[in-house]
Amino acid sequence: MLVNQTTLVMLGLLLAAWAVLAAWAILAARARVRRAEAAQGTARRMARMLDGAPALPLLVRTDGRIEAAPRLAGWLGLDAVPQFLSELSQDNKGFPADQLTALHGAVLRTQKTGAPFRMVATPLGSKRSLVLRGHLSDPQVSPGGAALVWIFDFSDSEGELVDLREEAARAREDFSALVGLIEAAPIPMWFRAPEGQLRLVNQAYVTAVAGESAEAVVEASTELIERIDGLSARQVARQAFDRKRPIERMVAATIAGQRRMLRVSDLPLGPEGVAGYAIDVEDMEELARTLRAFRSAQRSMLDQLSAGVAQFDAKHNLVFANQPFHRIFALKPIVALEPPSFERLLDMARDAARLPEARDFPAWRRERAAWFLSGETQDEDWPLPDGTHLRVVAHPMPDGSLLMIVEDRTEHLQMSSARDILLRTRTVIFDSLYEAVAVFAPDGRLQQWNRRFAADWRLDSEFLDTHPKIDDLLERVAPQLAYSVEVKGVGEVVRAATLDRKQSCGRLALANGITQEFTGIPLPDGNSLLTVIAVGDSPKTAVVLQQNNAGQLEVDTGKSHVSEGGSTALGNGQAIGLFDFMVGLAQERAEQLTAKGLALDLRGDQRVGSVQGDRTRLSEALGQIIDNAIAGTGRGGRILIALSRVKSGNARIMISDNGQGLDTADLTHADGMKLARQAVEDHGGAIERLAEPDVGTAVVITLP
């Protein structure tokens with residue numbers, strides 16, 4: 001019984017032990033299962049990580065067999081991973097043959113020597129860039145000397161590297177170009193360390209300081225800029241670096257032995273240092289000084305002008321106005337201290353009644369303000385309320401400014417009006433003369449003429465309106481003369497009066513028998529006056545000579561007495577100033593001329609000289625001829641007395657009128673003419689008398 005109990009106890013203990021062992025086995029198995037599951041999970045995670053990794057492993061055994069992830073087939077363009085390394089190139093897929101050969105050789109070296117390798121490959125038909133890095137595999141991975149090759153897809157990184165290489169190449173090229181540009185720059189340039197010492201200089205800097213080379217200049221720290229106000233160029237550069245702000249200044253420096261004005265700039269370039277350059281502005285400064293002097297002289301000159309000149313800038317503000325401009329628009333002195341705008345100036349001028357009347361002044365002002373942008377010169381006349389007449393010229397400038405010129409034309413217009421009236425009056429007077437009259441300019445061009453001039457020489461108006469020269473005019477006249485060569489005398493008389501300022505005369509014989517006398521008289525304005533008057537024709541001249549002979553016979557019987565008396569009288573003759581003598585005769589008959597409304601034209605001056613003779617007898621003789629002219633001329637007529645000297649030196653007196661004219665017989669027996677002729681002949685002179693009905697009478701007296 002005791003044995004049984006002991007047996008039972010032992011069996012119980014054994015069973016308990018077995019139960020414990022079973023429980024422990026179960027727990028251990030479960031732990032192993034959990035560890036296996038964890039390992040499997042880790043393996044799966046590692047596989048997933050390898051699948052997503054940028055590098056894939058390729059295990060190459062010694063017999064050429066390979067193991068690799070399926071993704072490698074996709075990278076190489078293959079349908080599946082082959083069994084052998086040599087099969088990684090198939091039908092234009094996989095590695096190119098040369099790259100595969102290189103890979104095979106590298107793997108063999110690694111397997112034999114254990115040396116790692118690196119190579120780059122690009123699969124056929126792909127833009128991938130693969131980097132292969134191989135080394136001997138761990139024996140736990142694959143015993144027997146297998147090679148493990150890690151393949152990286154370097155496509156994106158390679159593109160970035162290519163871009164970086166290109167950018168770096170461009171940067172190097174740009175830097176080289178920049179260095180070359182700085183070196184070739186015509187202005188001195190330099191670079192300083194943060195402490196201010198020179199590190200780089202260009203060739204212009206070397207030339208400016210007369211250095212041997214850039215290295216020598218930098219080593220010697222040769223400065224271009226002298227110490228100014230106790231500060232060196234190095235100290236100024238240090239200030240620019242500390243302030244992190246550029247410093248620009250105007251300094252004088254000696255360059256190539258000449259003192260030049262430079263604009264120097266120091267530019268901080270971050271922590272690297274300070275760059276600097278110097279621009280030679282000596283020529284610009286000289287131009288600026290010249291321009292300032294020119295503007296000063298110009299403004300001084302503009303103040304002397306009679307026209308007002310003002311300049312406005314692009315903002316319509318008054319920049320300059322000369323004194324006449326201030327005076328014309330009655331501007332106050334404050335304008336010089338506070339220049340107004342263009343619109344404000346118009347307001348001020350309007351307040352001073354120095355603008356034209358405008359119904360809508362704001363609109364009128366806006367139209368003038370538009371001159372700044374018009375692009376064309378504006379020219380306007382401004383009549384002011386007080387009768388002043390202004391001419392305003394506004395010239396817009398390319399920079400948007402405006403130049404305004406104002407001229408007071410009041411006096412000019414008044415003078416023009418008076419001149420027009422004078423010219424019209426002179427034209428009327430010319431046309432009322434019975435003799436032909438023409439005015440020639442200094443260049444010989446016809447300026448003015450009367451109707452008698454055109455009629456006597458048969459010149460049409462169209463030709464005269466061209467204002468021909470004297471040579472062209474005489475060419476038209478020549479065919480009308482009995483001797484065409486005589487036309488040259490007219491040209492000589494005109495030229496003598498115009499160029500030599502001498503009065504002279506001459507005579508022409510026309511082809512129709514009319515004889516004309518012409519005189520050239522210099523005028524005060526530089527022009528010359530040509531007068532032409534008909535004195536007779538050939539048949540009438542013969543009759544006159546016969547009448548002179550008849551008259552001579554009629555007085556023969558008493559000639560001895562008259563001659564004797566005349567000789568006695570002439571014996572006491574003295575010099576008679578011919579011009580004053582004829583003036584006196586004309587003045588004695590002033591009342592008669594006024595009573596009949598006659599105009600007497602006395603032409604000549606003191607240069608006509610004097611004659612020797614009996615003043616009383618000559619006064620009676622010439623006075624009688626003037627009286628006959630007065631008697632034979634109707635109311636409103638004209639009498640001409642012309643005094644001149646002929647080539648022979650004799651004095652010539654022509655007394656003519658535009659009366660009815662007397663026939664030759666009546667003229668010969670006219671009262672007093674016998675005594676007048678006798679008196680002239682007793683003085684050694686002669687009388688020629690001509691008359692034409694409805695034309696007038698002319699008497700020409702010649703005295704030695």
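This is a predicted model, so every value here is computed, not measured.
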Within the distance-only criterion (no hydrogens, no angle test), does the side chain of [X] pair as donor or acceptor with the backbone N or O of [Y] below 3.5 angstrom?
X    : Y    : result
R652 : T702 : no
T466 : F463 : yes
S374 : W371 : yes
Q448 : L446 : no

If you define the side chain from C-beta out and look only at heavy atoms, does anything of [X] sit under 4.5 Å from [Y]?
X    : Y    : result
F440 : H467 : no
V319 : S401 : no
L578 : I653 : yes
L600 : L598 : no
D614 : D682 : no
F453 : V437 : no
I576 : S610 : no
F581 : L622 : yes

Which pair of non-hydrogen atoms, one from [X] and one from [Y], has the smallest distance, and what is that distance?
X    : Y    : answer
A686 : V680 : N-CG1, 3.4 Å
R452 : A436 : CG-N, 3.7 Å
A478 : V487 : CB-CG1, 4.3 Å
E357 : P385 : OE2-CG, 3.5 Å
W364 : P356 : CZ2-CD, 4.2 Å
P442 : L499 : O-CD2, 3.9 Å

Looking at residues at least two apart in the chain, or sitting in another chain, which of them share a side-chain hydrogen bond (donor to acceptor under 3.5 Å, both in side chains) with [X]?
X    : result
R391 : D379
W382 : E380
D525 : N527
D408 : T410

Atom [atom1] in [X], atom [atom2] in [Y]: separation rounded to 0.5 Å?
X    : Y    : atom1 : atom2 : value
Q516 : T531 : CD    : OG1   : 11.0 Å
I655 : L640 : CD1   : CG    : 9.5 Å
I405 : L390 : CD1   : CG    : 13.5 Å
M582 : L618 : CE    : CG    : 10.0 Å
I625 : I687 : CD1   : CD1   : 4.5 Å
S528 : K502 : OG    : NZ    : 15.0 Å

Exercise. Start with the C-alpha gap between V392 and M404, add the side-chain angles, then the distance that decides, and say whether side-chain contact (heavy atoms from CB on, under 4.5 Å) holds.
Key: CA-CA 7 Å; V392 179; M404 187 174 177; 3.6 Å; yes
Quiz item: T633 and N658: side-chain contact (heavy atoms from CB on, under 4.5 Å), yes or no, with the steps?
Solution: CA-CA 6 Å; T633 305; N658 61 350; 3.7 Å; yes
Quiz item: Mind checking whether F342 and F312 have parallel, tilted or perpendicular rings, split at 30° and 60°?
Solution: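 Plane angle over 60°, so perpendicular.
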Exercise. Could you please spell out the steps behind the side-chain contact (heavy atoms from CB on, under 4.5 Å) verdict for V335 and F325?
Key: CA-CA 12 Å; V335 170; F325 189 90; over 6 Å; no
Who are the side-chain contact (heavy atoms from CB on, under 4.5 Å) partners of [X], not counting sequence neighbours?
X    : result
R365 : E343, L346, D347, F361, P362
A621 : A676, A679
A509 : A482, E486
A330 : A352, R354

Quiz item: What pairs of residues pass the side chain to side chain donor-acceptor pair (under 3.5 Å) test when at least one of them lies in residues 600-609, not counting sequence neighbours?
Solution: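 Side chain to side chain donor-acceptor pair (under 3.5 Å) check on residues 600-609 returns E435-R603, D580-Q606, D601-R603, D605-R607.
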Exercise. Might you confirm whether atom CE of M415 has over 12 heavy atoms from other residues, nucleotides or ligands at distances under 6.0 Å?
Key: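 At most 12 heavy atoms, drawn from other residues, nucleotides or ligands, come within 6.0 Å of this atom.
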Exercise. Using a cut-off of 6.0 Å, state whether more than 12 heavy atoms not belonging to R501 lie near its atom CZ.
Key: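 Above 12, so yes.
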Quiz prompt | Residues K488, E492: salt bridge by 4.0 Å N-O rule | solution =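 Not counted as a salt bridge, because no side-chain N and carboxylate O are separated by less than 4.0 Å.
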Enumerate, atom names and distances included, each donor-acceptor pair closer than 3.5 Å involving a side-chain atom of residues 469-477, sequence neighbours excluded.
{"from": "D471", "atom 1": "OD1", "to": "R495", "atom 2": "NH2", "distance (Å)": "2.5"}
{"from": "D471", "atom 1": "OD2", "to": "R495", "atom 2": "NH2", "distance (Å)": "3.4"}

Practice problem: Quick one: do W457 and V532 satisfy side-chain contact (heavy atoms from CB on, under 4.5 Å)? Show the steps, please. | Solution: CA-CA 10 Å; W457 281 3; V532 183; 4.0 Å; yes
Exercise. Can you tell me which residue pairs pass the salt bridge (Lys or Arg N to Asp or Glu O under 4.0 Å) test with a partner in residues 618-630, sequence neighbours excluded?
Key: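 Passing the test, one end in residues 618-630: R589-D627.
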Quiz prompt | Partner residues of E407 under the salt bridge (charged side-chain N to carboxylate O under 4.0 Å, His left out) criterion, sequence neighbours left out | solution =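 E407 satisfies salt bridge (charged side-chain N to carboxylate O under 4.0 Å, His left out) with R409 only.
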